[in-house]
Amino acid sequence: MANTDSRVTIHMAASLDGFIARKDGRVDWLETSDEFANGEILDPEFVESFLKTIDCYVMGSRTYETALSFDTKGLGWPYGDKPTFVLTSRDLPRIRDTVGFYSGDLAQFVNEQLRHAFRSIWFVGGGAVSGECLRLGLADEIRYSILPILIGDGIQFFEKLDRDVNLHLTEVKGYKSGTVALCYEVRGHRGSEKST
């Protein structure tokens, strides 16, 4: 039985037109020059405190390769010392002791392994992984950071959804950078199904 206190969050930064990367996987557009005068400033202490509430990260192989490229370029490993699980059947380099690889049934992995071990589980990419997480009814919330740019084409935030997914907006924030952060509760996830 899964831990009922655990929470699965899908988090992604995307362009206004809904792409998380260019077709070739590049994310060079993540740094924008917009400024929203009335926006909030991301306080580094708040960010550090917030990141401490995340217990583990889950991602697809392309997101992992992007994180590896950031680390190689000297930008650092974005996931700190938190356990990071990469969903892949490919043989990829393991650069940290905190990185693990999984290939198999996603629902079984989340419900029978991750939910037992962690309270705050964050899916951080990519589009196929996010779509599968929603199709299987595993997500409790979606955190969506929209950057002030249109890139025209690329990898979609959610790939191949086969049904509607009802959401409830719980938070909206606009930042000085022009980024808008949205938080949605997923309607019909495991928690609300029990209450109906």
Side-chain angles (χ1 to χ4, degrees), residues 7-82 84 86 120-134 139-161 164-187:
R7 189 161 186 79
V8 173
T9 299
I10 296 173
H11 177 259
M12 198 80 67
S15 62
L16 180 59
D17 47 354
F19 299 109
I20 59 173
R22 298 191 191 280
K23 284 279 189 194
D24 62 5
R26 286 183 301 126
V27 290
D28 56 308
W29 50 271
L30 283 174
E31 293 292 326
T32 63
S33 59
D34 190 35
E35 185 175 329
F36 175 46
N38 296 326
E40 294 185 30
I41 296 173
L42 267 177
D43 175 31
E45 289 180 12
F46 169 79
V47 173
E48 185 179 338
S49 175
F50 182 78
L51 290 176
K52 287 179 181 175
T53 68
I54 300 171
D55 296 325
C56 74
Y57 295 98
V58 181
M59 66 189 67
S61 59
R62 288 183 292 182
T63 301
Y64 178 63
E65 288 173 320
T66 299
L68 289 178
S69 74
F70 287 161
D71 198 32
T72 303
K73 293 174 185 171
L75 300 173
W77 175 250
Y79 307 105
D81 60 357
K82 299 292 174 84
T84 303
V86 182
S120 179
I121 304 158
W122 276 50
F123 277 70
V124 292
V129 169
S130 298
E132 185 69 6
C133 187
L134 283 171
D140 297 295
E141 72 176 359
I142 297 170
R143 291 187 173 267
Y144 188 17
S145 297
I146 302 171
L147 277 72
I149 190 167
L150 300 165
I151 65 170
D153 196 11
I155 299 168
Q156 294 180 336
F157 187 173
F158 298 107
E159 290 184 8
K160 302 176 185 164
L161 288 177
D164 292 350
V165 177
N166 293 315
L167 307 172
H168 170 65
L169 182 65
T170 59
E171 186 179 337
V172 178
K173 286 187 179 176
Y175 292 98
K176 288 266 187 208
S177 65
T179 297
V180 176
L182 305 171
C183 183
Y184 293 95
E185 179 184 293
V186 179
R187 294 268 172 101

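In plain terms, the two heavy atoms of Leu30 and Ala13 that are nearest each other are CD2-CB, 4.2 Å. Residues His11 and Ser145 approach most closely at NE2-OG, 3.6 Å, considering heavy atoms. Counting all heavy atoms, side chain and backbone alike, Thr63 lies closest to Val124 at CG2-O, 3.7 Å.
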Side chains of residues 14-22: which donor-acceptor partners sit under 3.5 Å, not counting sequence neighbours?
from: Ser15; atom 1: OG; to: Asp17; atom 2: OD1; distance (Å): 2.5
from: Ser15; atom 1: OG; to: Phe19; atom 2: N; distance (Å): 3.1
from: Ser15; atom 1: OG; to: Phe19; atom 2: O; distance (Å): 3.4
from: Asp17; atom 1: OD1; to: Ile151; atom 2: N; distance (Å): 3.4
from: Asp17; atom 1: OD2; to: Ile151; atom 2: N; distance (Å): 3.3
from: Asp17; atom 1: OD2; to: Gly152; atom 2: N; distance (Å): 2.8
from: Arg22; atom 1: NE; to: Asp28; atom 2: OD1; distance (Å): 2.8
from: Arg22; atom 1: NH2; to: Asp28; atom 2: OD2; distance (Å): 3.4

In residues 167-178, what donor-acceptor pairs under 3.5 Å come from side-chain atoms, sequence neighbours left out?
from: His168; atom 1: ND1; to: Arg187; atom 2: NH2; distance (Å): 3.0
from: Thr170; atom 1: OG1; to: Cys183; atom 2: O; distance (Å): 3.1
from: Lys176; atom 1: NZ; to: Ala37; atom 2: O; distance (Å): 2.6
from: Ser177; atom 1: OG; to: Thr179; atom 2: N; distance (Å): 3.4
from: Ser177; atom 1: OG; to: Thr179; atom 2: OG1; distance (Å): 3.2

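Within the structure, every pair that satisfies the salt bridge (charged side-chain N to carboxylate O under 4.0 Å, His left out) test and touches residues 46-60, not counting sequence neighbours, is listed here: Glu48-Lys52. Listed by first then second residue, pairs satisfying salt bridge (charged side-chain N to carboxylate O under 4.0 Å, His left out) with a partner in residues 33-46 number zero, not counting sequence neighbours.
Here Thr72 contributes atom OG1 and Glu65 contributes atom CD; the two are 11.0 Å apart, rounded to the nearest 0.5 Å. In this structure, Tyr184 OH and Thr9 OG1 are separated by 15.0 Å, a value rounded to the nearest 0.5 Å. A distance of 8.5 Å separates OG of Ser120 from OH of Tyr57, quoted to the nearest 0.5 Å. Note that the CG atom of Asp81 and the OG1 atom of Thr84 stand 9.0 Å from one another [nearest 0.5 Å]. Summarising the geometry, atom CG belonging to Leu134 is positioned 6.0 Å from atom CG belonging to Leu161; distances are rounded to the nearest 0.5 Å. The CD1 atom of Ile155 lies 11.5 Å from the OG atom of Ser130; values are rounded to the nearest 0.5 Å.
A search for ring-ring contact (aromatic ring centres under 6.0 Å, His included) contacts involving Phe157 returns Tyr144, not counting sequence neighbours. When the ring-ring contact (aromatic ring centres under 6.0 Å, His included) test is applied to Phe50, the partners found at least two apart in sequence or on another chain are Trp122.
Using a distance-only test at 3.5 Å, with no hydrogens or angles considered, a donor-acceptor pair links the side chain of Thr66 to the main chain of Arg62.
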Next on the checklist: Does Val165 form a side chain to side chain contact (heavy atoms under 4.5 Å, CB included) with Phe158? I'd like the steps, not just the answer.
Outcome noted: CA-CA 11 Å; Val165 177; Phe158 298 107; over 6 Å; no
